[in-house]
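The block underneath contains the structure these notes are about, expressed in structure tokens.
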Amino acid sequence: MTHYGKSIRRFFDNINILAIIFPLLMIVPNIILDITESMSVMAKIVNILVPVSLYYLLMSARKNAGVTVLWLIIFMIMNSFQIVVLYLFGESIIAIDMLINCVTTNASEAGELLKNLVLPILISAAIYLPMIAWGIYSAARRLHTSDKFRLAARRYGLFGLSIGILLSIITMIIPGNFNPAKHIYPLNVISNIVTALNRTYQSANFHNTSANFHFDASDTHAQSHDEVYVLVIGETSRAINWQLFGYNRPTNPCLSKRNDIITFPRAISQSNTTHKCVPMMLTATTPLSFDSIRYHKSIITAYKEAGYATAVFSNQAKNHSYTQYLSEEADVVKYLDGDDHYDHNLVDLLRDNLSKNTGKKHFVILHTYGCHFNYNERYPKDMAFFKPDDASQANVIHRPQLLNAYDNAVRYTDKLLNDIISLLDSSNSKAVMIYVSDHGEDIFDDDRGRFLHASPVPTYYQLHVPLIVWSSEEYDKAYPDIRPTLSANNQMYIAPSQAIFHTLLQISGINTPYLDYSESVASSSYSSPTPLYLNDYNEGVPLQESGLKETDIKMLQELGILK
């Protein structure tokens, strides 16, 4: 072995070096979070002092520190996840909703995202893979830290931990909202994991907890069989990229030519996650009562009780969330699969469904894949209008290509909705179609460099969503008060998570004790609700207290949502 090789080996044989370096690398996320998060100086000190002291205590717990390093692989994985979160959102810890998204996201969707997050993954690998390799080497060779190191690590670790605990108590006593379970990493993430597991268990037990729920619904409309109501749920589509809502690119070439649709330019989602938005749309729950959702059935059951044939066709995979469990209440449920995985396939399913179940009214939900990342896979290549659209890496330098792809996905949704309207119009039925997206998306829109959605702190771009209503001439003649009322309310603030449920019931003539006319935009008694946001802890907080930055608040003020 050369002199150089012997020097390298002596370095790695010195297990004391690993035991010193490892705790410092483990607090890399803590250091970044101290920079990105709004905490007091004392809270930031605690966020560094407590974890690093604990890591040094762990390194002193046994002679073979390499084994201790291997014990902590799960925390290195957590740190890597946290680095990805900080790369995407520029702030925030791994949130409860993110963890639930991991459970409710299908493998293909996760793969699309991971393959486009190469940079933060490489950064995490560069930090922690050498530590794992060194730990394996040290454990295999049974290398021991010195007694002097272990004594010093134990002494300083206990001293640092004691000071950290004392500062934590002081920080909790003085005015402020410091909570160790929310503000000390990784304790806060561990707490979030426990909460996410509990929520997952609750949703998995949904069929049992909601078994005795009834709407006591009845149909007040005439007993004709030519009524069709279609709810199209968009995915990750933001209003700011819709031509109908003032965008300067032709993303709605079909719908912009129609004079029979009603647009609602002030629709604001109450969450930036699908697994919360969609269940709220389909039930009577609100941000102030979301945890009670496990006891509620969906609007689908109300239609069934009223004698409707019901169907749900989804271009999203089963995901073991409330969205899936609520959908399963329908008479017919189908999830699209296969290589041709485009939203337009939903039109054929709708056409086939309407041709069946003759003698019944129809209620159909179409759950699209919409503008979900990876954007350029949401539409056929021959429908790429804005080019180039081939970049998919999550990097601000690729924003022009990402935006082109996103706008192409909006154009594809435009065609989809126009074809659905044409299909319903040709049926000569009393028909209504409502389209609304669950939430929006960040696409490196400003100097914050935010990308995607479902971040613990929302943005304007994640919350402002498109909402449109179409009704057939036959429907308008049969129920002449509805369209004028919708038009009269179209400039008001709408919270689709609350309004969709009540609006659908009213326009369908379904009577139930759960219908609140003040929540229906088809009612003359409609009243805009207080702007709320359902946060990571399932708390309905005032929208302006959701963590929105000054940029977001200003845009919402210009929209007339916040004062």
Side-chain angles (χ1 to χ4, degrees), residues 84 87-90 109 112-120 234-256 263 265 267-269 272 274 341-344 368-417 435-455 457-468 549 551-552 554-556 558-559:
V84 170
Y87 175 85
L88 282 175
F89 304 128
E109 201 171 281
E112 284 182 5
L113 178 59
L114 289 175
K115 72 182 181 183
N116 294 294
L117 292 173
V118 175
L119 182 58
E235 172 66 60
T236 321
S237 196
R238 60 189 204 174
I240 198 171
N241 285 71
W242 280 57
Q243 180 184 356
L244 287 176
F245 299 98
Y247 191 41
N248 59 6
R249 301 180 92 178
T251 54
N252 299 123
C254 299
L255 295 180
S256 62
T263 59
I268 302 296
S269 180
N272 58 3
T274 303
H341 197 54
Y342 298 121
D343 286 338
H344 205 274
T368 69
Y369 216 178
C371 300
H372 198 287
F373 187 77
N374 191 352
Y375 312 135
N376 61 13
E377 296 184 15
R378 301 288 82 88
Y379 52 89
K381 299 307 176 188
D382 61 359
M383 293 194 67
F385 182 83
F386 303 104
K387 296 181 180 181
D389 65 337
D390 54 344
S392 58
Q393 286 295 319
N395 193 305
V396 67
I397 64 173
H398 296 137
R399 186 178 190 270
Q401 296 96 314
L402 290 168
L403 192 62
N404 284 342
Y406 187 89
D407 287 346
N408 286 334
V410 174
R411 278 181 66 98
Y412 187 63
T413 297
D414 176 74
K415 183 180 186 308
L416 168 74
L417 296 179
Y435 169 85
V436 65
S437 184
D438 52 1
H439 52 74
E441 182 95 314
D442 287 316
I443 315 176
F444 300 111
D445 299 287
D446 50 41
D447 56 9
R448 289 176 290 181
R450 299 282 295 267
F451 189 56
L452 300 182
H453 59 271
S455 55
V457 177
T459 67
Y460 159 82
Y461 302 99
Q462 295 185 37
L463 299 181
H464 188 196
V465 294
L467 169 61
I468 67 173
K549 301 299 186 288
T551 300
D552 307 305
K554 183 178 179 181
M555 296 178 80
L556 289 167
E558 292 174 351
L559 198 62

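Scope of the values below: all heavy atoms of this structure, side chains included, with no hydrogens, waters or symmetry mates.
For the residue pair Tyr379/Asn408, the side-chain donor-acceptor check at 3.5 Å is satisfied. At a cut-off of 3.5 Å, with distance as the only test, no side-chain donor of Gln401 or Asp390 sits close to an acceptor on the other residue. Side-chain N/O atoms of Glu441 and Tyr375 include a donor and acceptor closer than 3.5 Å.
A heavy-atom distance below 4.5 Å is found between the side chains of Thr368 and Leu416. No side-chain heavy atom of Ile443 sits under 4.5 Å from any side-chain heavy atom of Tyr461. By the 4.5 Å heavy-atom criterion applied to side chains, Tyr87 and Asn395 are counted as neighbours. In this structure, Phe373 and Thr236 have side chains that are not in contact, with every pair of non-hydrogen atoms separated by 4.5 Å or more.
Scored by the side-chain contact (heavy atoms from CB on, under 4.5 Å) test, Ala267 finds Val465, Leu467, Ile494, Pro496 as partners (sequence neighbours excluded). By the side-chain contact (heavy atoms from CB on, under 4.5 Å) test, Ala239 pairs with Phe245, His464, Pro466, sequence neighbours left out. Remark: Asp343 engages no residue in a salt bridge (Lys or Arg N to Asp or Glu O under 4.0 Å) (not counting sequence neighbours). With sequence neighbours left out, the side-chain contact (heavy atoms from CB on, under 4.5 Å) criterion links Tyr247 to Asn241, Arg249, Thr251, Leu403, Asp407. In terms of the salt bridge (Lys or Arg N to Asp or Glu O under 4.0 Å) criterion, residue partners of Asp552 (sequence neighbours excluded) are, by chain and number, Arg448. Annotation: salt bridge (Lys or Arg N to Asp or Glu O under 4.0 Å) contacts of Asp414 (sequence neighbours excluded): none. Here Tyr412 pairs with nothing under the ring pair (Phe, Tyr, Trp, His ring centres under 6.0 Å) rule; sequence neighbours left out. In this structure, the side-chain hydrogen bond (donor to acceptor under 3.5 Å, both in side chains) partners of Ser237, at least two apart in sequence or on a different chain, are Trp242. Legend: residues meeting salt bridge (Lys or Arg N to Asp or Glu O under 4.0 Å) with Lys549, ordered by chain and number and at least two apart, are Glu91. Applying the ring pair (Phe, Tyr, Trp, His ring centres under 6.0 Å) rule to Phe89 yields no partners; only residues at least two apart in sequence or on another chain are considered.
Here the closest non-hydrogen pair linking Cys254 and Lys415 is SG-CA, 4.4 Å. The two atoms that bring Val410 and Cys371 nearest to each other are CG2-SG, 3.7 Å, heavy atoms only. Of all heavy-atom pairs between Arg238 and Gly440, the closest is CB-CA, 3.9 Å. Closest heavy-atom contact between Pro265 and Leu559: O-CD1, 3.9 Å.
Relative orientation of the Phe451 and Phe444 rings is parallel, given thresholds of 30° and 60° on the angle between their planes.
For Thr459 (side chain) and Gln462 (main-chain N/O), a donor-acceptor pair under 3.5 Å exists by modelled atom type. Side-chain atoms of Arg378 come within 3.5 Å of backbone N or O of Asn374 as a donor-acceptor pair. Here the side chain of Asn252 pairs a donor or acceptor atom with the backbone of Leu244 at under 3.5 angstrom. Not one N or O on the side chain of Arg411 forms a donor-acceptor pair closer than 3.5 Å with the backbone of Pro253.
Legend: salt bridge (charged side-chain N to carboxylate O under 4.0 Å, His left out) pairs involving residues 380-389, not counting sequence neighbours: none detected.
Of the inter-residue distances, the one linking Tyr435 atom OH with Thr413 atom OG1 reads 5.0 Å to the nearest 0.5 angstrom. We find the OG-CG distance between Ser455 and Leu88 to be 9.5 Å, quoted to the nearest 0.5 Å. To the nearest 0.5 Å, the span separating CG on Asp446 from OG1 on Thr551 amounts to 5.5 Å.
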